[in-house]
J.: 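Here's a structure for you.
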2 protein chains.
Amino acid sequence: MPTPSSSPIATENRLVEPLVALIGLFKEHAEACIGALGLSMPQAVALLGLDTPLSQRELADCLRYDASNITGIVDGLERRGLVERQVDPADRRVRRIVVTEDGAALVDHLRECLFRDEPLVGTLDAAEVAQLRDLLVKAVGDRASSSWVEMLRPRR
Amino acid sequence: MPTPSSSPIATENRLVEPLVALIGLFKEHAEACIGALGLSMPQAVALLGLDTPLSQRELADCLRYDASNITGIVDGLERRGLVERQVDPADRRVRRIVVTEDGAALVDHLRECLFRDEPLVGTLDAAEVAQLRDLLVKAVGDRASSSWVEMLRPRR
DNA sequence: TATTGTTATACTCTATAACTATA
DNA sequence: TATAGTTATAGAGTATAACAATA
């Protein structure tokens, strides 16, 4: 029996295919969580990065956005009352972005939805999930990027 | 010692964080492979979907692009001599997109680069990689999307 | 009338460059 | 002079709608 010519590369033992499939599931899940809260992806990414109050410049660096984009993203969040711009009295050029109570409640909801394992694990039992997690952690090693929210945005 | 207030959700046993970190590594890797061949992401996605000749409509459906986008993507690939539009003699409305020899050689390179496990597995040994793969396969179950290349494009 | 592919257009996300107000 | 933020603008990627050719 000849090797099927449409599959020149054996895929049986490859990691990439199932990983990419799982990535697809996670993206669907993340978009559902974020869309359900009426947030755009950059707004969600920014909110998740605002665990602690940051200047817009710091937020841009942390999220690896160009600073010019932060204005519009924060505009939208501010219009919804989720964050406030507070002028730094020590340096009146900088605006410190502070999450409001409403914003904090919304981010809590977002995290609770986004960080659930259930949408990802299918029929894995608890021991297998733990095993999967350990293997992922070891695979990533020290190569984890500074801000996990980067994953949610297209790069470059 | 108080629980750090900046981490209201325990992350120690969660799957999402390391998965997202691994996704970030894969995206870097994929973008490097694709960029090195001078392809845009949609061009790469299209080429990878053209394992078998398809009409533009079929390609659009398979990739879940709107059909109007296929024109420009195929234009670019055709200019580089990677694919050809062949008018279907049985129905002169449809253009069958056929990968040329040059295109096939380039896709082979792309697959060889893209599908390597090494950039993903870090310090995992062969047995651990196999274990990780089995767990990923089981986690995904029958929920894998029809076309894995979807992962490479932002959705919605 | 329905379908394939194309064009024109609009919207989102991102980056670059020029501007302002502070420092 | 340098930095924080804003504005204007451009480019990529995607979708919708109208159109031409063909069925």
Side-chain angles (χ1 to χ4, degrees), chain A residues 27 30-31 34-35 38-50 53-79 83-98 147 149-156, chain B residues 27 30-31 34-35 38-50 53-79 83-98 147 149-156:
Chain A
K27 289 194 74 179
E31 283 159 5
I34 290 166
L39 296 172
S40 72
M41 198 61 80
Q43 286 175 338
V45 168
L47 272 182
L48 290 166
L50 280 169
L54 298 174
S55 74
Q56 297 190 191
R57 163 66 54 184
E58 288 166 339
L59 184 60
D61 292 344
C62 154
L63 266 35
R64 309 205 189 166
Y65 280 99
D66 185 88
S68 63
N69 297 307
I70 302 296
T71 300
I73 295 169
V74 171
D75 282 350
L77 295 174
E78 200 174 33
R79 264 195 302 273
V83 304
E84 278 177 5
R85 283 178 166 97
Q86 297 181 355
V87 175
D88 185 334
D91 181 344
R92 304 210 326 284
R93 290 174 304 181
V94 343
R95 273 98 172 119
R96 202 127 247 122
I97 309 304
V98 183
S147 166
V149 288
E150 280 177 55
M151 183 269 132
L152 293 176
R153 47 181 302 249
R155 203 171 309 213
R156 196 131 325 179
Chain B
K27 288 193 72 179
E31 283 160 3
I34 291 166
L39 295 172
S40 72
M41 198 64 77
Q43 286 175 338
V45 168
L47 272 181
L48 290 166
L50 281 168
L54 298 175
S55 74
Q56 297 190 190
R57 163 68 52 186
E58 288 165 340
L59 184 58
D61 291 344
C62 155
L63 266 36
R64 310 205 190 166
Y65 281 99
D66 185 89
S68 62
N69 297 306
I70 302 296
T71 301
I73 295 169
V74 172
D75 282 351
L77 294 174
E78 199 173 35
R79 263 195 303 274
V83 303
E84 279 176 6
R85 282 180 166 96
Q86 296 182 357
V87 175
D88 185 333
D91 182 343
R92 303 208 329 282
R93 289 174 304 179
V94 341
R95 273 97 172 119
R96 202 125 247 122
I97 308 304
V98 183
S147 167
V149 290
E150 279 177 55
M151 183 269 131
L152 293 176
R153 49 181 300 249
R155 201 171 310 211
R156 196 126 325 178

J.: At 4.0 Å (heavy atoms only), tell me whether B:Asn69 reaches a base, stays on the sugar-phosphate, or touches nothing.
T.: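 It contacts base atoms.
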
J.: Consider the side chain of A:Thr71, meaning its heavy atoms from C-beta on, and name the nucleotide among C:dC13, C:dA23, D:dT6 that approaches it most closely.
T.: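 Output: D:dT6.
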
J.: Looking at the side chain of A:Val94, which of C:dT22, D:dG5, C:dC13 is the nearest nucleotide?
T.: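 Among C:dT22, D:dG5, C:dC13, the one nearest the side chain of A:Val94 is D:dG5.
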
J.: Ignoring backbone atoms, establish whether A:Arg92 has a side-chain N or O less than 4.0 Å from OP1 or OP2 of C:dA23.
T.: yes

J.: Is A:Ser68 touching bases, backbone alone, or none of the nucleic acid, heavy atoms closer than 4.0 Å?
T.: base

J.: Roughly how many Å is it from CZ in B:Arg57 to P in D:dA23, rounded to a whole number?
T.: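 The distance from CZ of B:Arg57 to P of D:dA23 comes to 17 Å, rounded to the nearest Å.
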
J.: D:dT9 P sits how many Å from A:Asp66 CG, rounded?
T.: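 Distance check: A:Asp66 CG to D:dT9 P gives 17 Å.
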
J.: Could you state the atom-to-atom distance from CG of A:Asp61 to P of C:dA15 in whole Å?
T.: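 Checked: the CG to P distance equals 12 Å.
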
J.: Quick one: B:Gln43 CD to D:dT14 P, roughly how many Å, whole number?
T.: 11 Å

J.: Can you tell me how far C1' of C:dA23 sits from CZ of A:Arg95, to the nearest Å?
T.: 14 Å

J.: Let me spell it out: for each of A:Asp91 and B:Ile70, pick the nucleotide of DNA chain C with the closest heavy atom. Which residue's pick is nearer the 5' end?
T.: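 So the residue in question is B:Ile70.
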
J.: I want to verify a distance call: between C:dT3, C:dT14, D:dG5, whose nearest atom is closest to the A:Ser55 side chain?
T.: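 Looking only at side-chain atoms, A:Ser55 lies closest to D:dG5.
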
J.: Do the side chains of B:Arg85 and B:Ile97 get nearer than 4.5 Å, heavy atoms only?
T.: yes

J.: Can you tell which of A:Gln86, A:Glu58, A:Glu84 makes a side-chain hydrogen bond (donor to acceptor under 3.5 Å, both in side chains) with A:Arg96?
T.: A:Glu58

J.: Whole angstroms only, please: what is the CG-C1' distance between B:Leu39 and D:dA12?
T.: 15 Å

J.: Rounded to whole angstrom units, what separation is found between the CD atom of B:Gln56 and the P atom of C:dG5?
T.: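 About 5 Å, once rounded to whole Å.
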
J.: In whole Å, I'd like the distance from the CD atom of A:Glu31 to the C1' atom of C:dT12.
T.: 14 Å

J.: Hey, could you give me the CD/CG distance between B:Gln43 and B:Asp75, rounded to the nearest 0.5 Å?
T.: 10.0 Å

J.: Nearest 0.5 Å, what's the CG-CD1 distance between B:Leu48 and B:Ile34?
T.: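 One gets 7.0 Å once the value is rounded to the nearest 0.5 Å.
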
J.: Quick check: closest heavy atoms across B:Gly49 and B:Leu54, and the distance to 0.1 Å?
T.: O-CD1, 3.7 Å

J.: With sugar-phosphate meaning primed atoms plus P, OP1 and OP2, does B:Arg96 contact a base, only sugar-phosphate, or nothing at under 4.0 Å between heavy atoms?
T.: nothing

J.: Please determine whether a side-chain nitrogen or oxygen atom of B:Tyr65 lies at a distance below 4.0 Å from atom OP1 or OP2 of D:dT14.
T.: yes

